[in-house]
Amino acid sequence: MLRPSKHAHPDRTVVNVALLLLTRLRAHRLCEYGALRTYVRKAVAGGDVLFLPSLNFLYLLGLIEYHPKTDAIEYVGQNEAF
């Protein structure tokens with residue numbers, strides 16, 4: 001469960017990193033895994049730790065798909081993943 005606390009920095013949370021990833025993916029539609037990881041590292045301090053949980057969060061919401069052959073993440077939007 002994602003629950004905020006008074007000690008959590010708002011910019012260093014899974015929800016914030018997921019928002020950054022989502023805006024990047026909506027703009028480009030398809031991004032390589034390494035490029036997204038580099039983007040998060042530069043945008044957020046401690047982004048290495050938050051990158052995979054944020055991807056998992058977006059995948060569980062049905063907003064992204066992973067393509068193993070090209071090692072890329074694709075934005076599929078809501079209701080398009082079903």
Side-chain angles (χ1 to χ4, degrees):
M1 178 181 283
L2 299 171
R3 296 175 67 183
S5 70
K6 66 179 183 177
H7 302 292
H9 192 278
D11 294 337
R12 296 181 188 142
T13 60
V14 170
V15 175
N16 183 53
V17 174
L19 176 67
L20 290 174
L21 289 172
L22 195 57
T23 55
R24 175 87 173 195
L25 286 168
R26 286 183 75 183
H28 297 285
R29 184 85 177 164
L30 186 71
C31 290
E32 292 182 0
Y33 180 86
L36 279 177
R37 191 167 186 195
T38 303
Y39 173 71
V40 169
R41 279 185 190 168
K42 291 180 181 178
V44 178
D48 290 345
V49 177
L50 298 171
F51 179 70
L52 278 177
S54 299
L55 278 181
N56 290 335
F57 180 61
L58 291 174
Y59 182 77
L60 287 174
L61 290 176
L63 297 174
I64 61 170
E65 287 291 324
Y66 176 68
H67 300 289
K69 287 186 178 182
T70 59
D71 195 30
I73 310 286
E74 179 185 12
Y75 172 72
V76 291
Q78 278 188 311
N79 299 328
E80 294 179 26
F82 297 103

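One is the number of the first residue; the rest follow in order along the sequence.
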Out of curiosity, I73 CD1 to R37 CZ, how far, rounded to the nearest 0.5 Å?
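That separation rounds to 12.0 Å.
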For residues 48-64, tabulate all N or O donor-acceptor pairs below 3.5 Å that involve a side-chain atom, not counting sequence neighbours.
residue: D48; atom: OD1; partner: R41; partner atom: NE; Å: 2.6
residue: S54; atom: OG; partner: V14; partner atom: O; Å: 3.2
residue: S54; atom: OG; partner: L50; partner atom: O; Å: 2.7
residue: N56; atom: ND2; partner: L52; partner atom: O; Å: 3.3

Considering all heavy atoms of both residues, which atom of L20 and which atom of A43 are nearest to each other, and what is their separation?
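Where L20 meets A43 most closely, the heavy atoms are CD1-CB, 4.1 Å.
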According to a hydrophobic-cluster definition based on side-chain heavy atoms being under 4.5 Å apart (Ile, Leu, Val, Met, Phe, Trp, Tyr only), do L30 and L22 belong together?
no
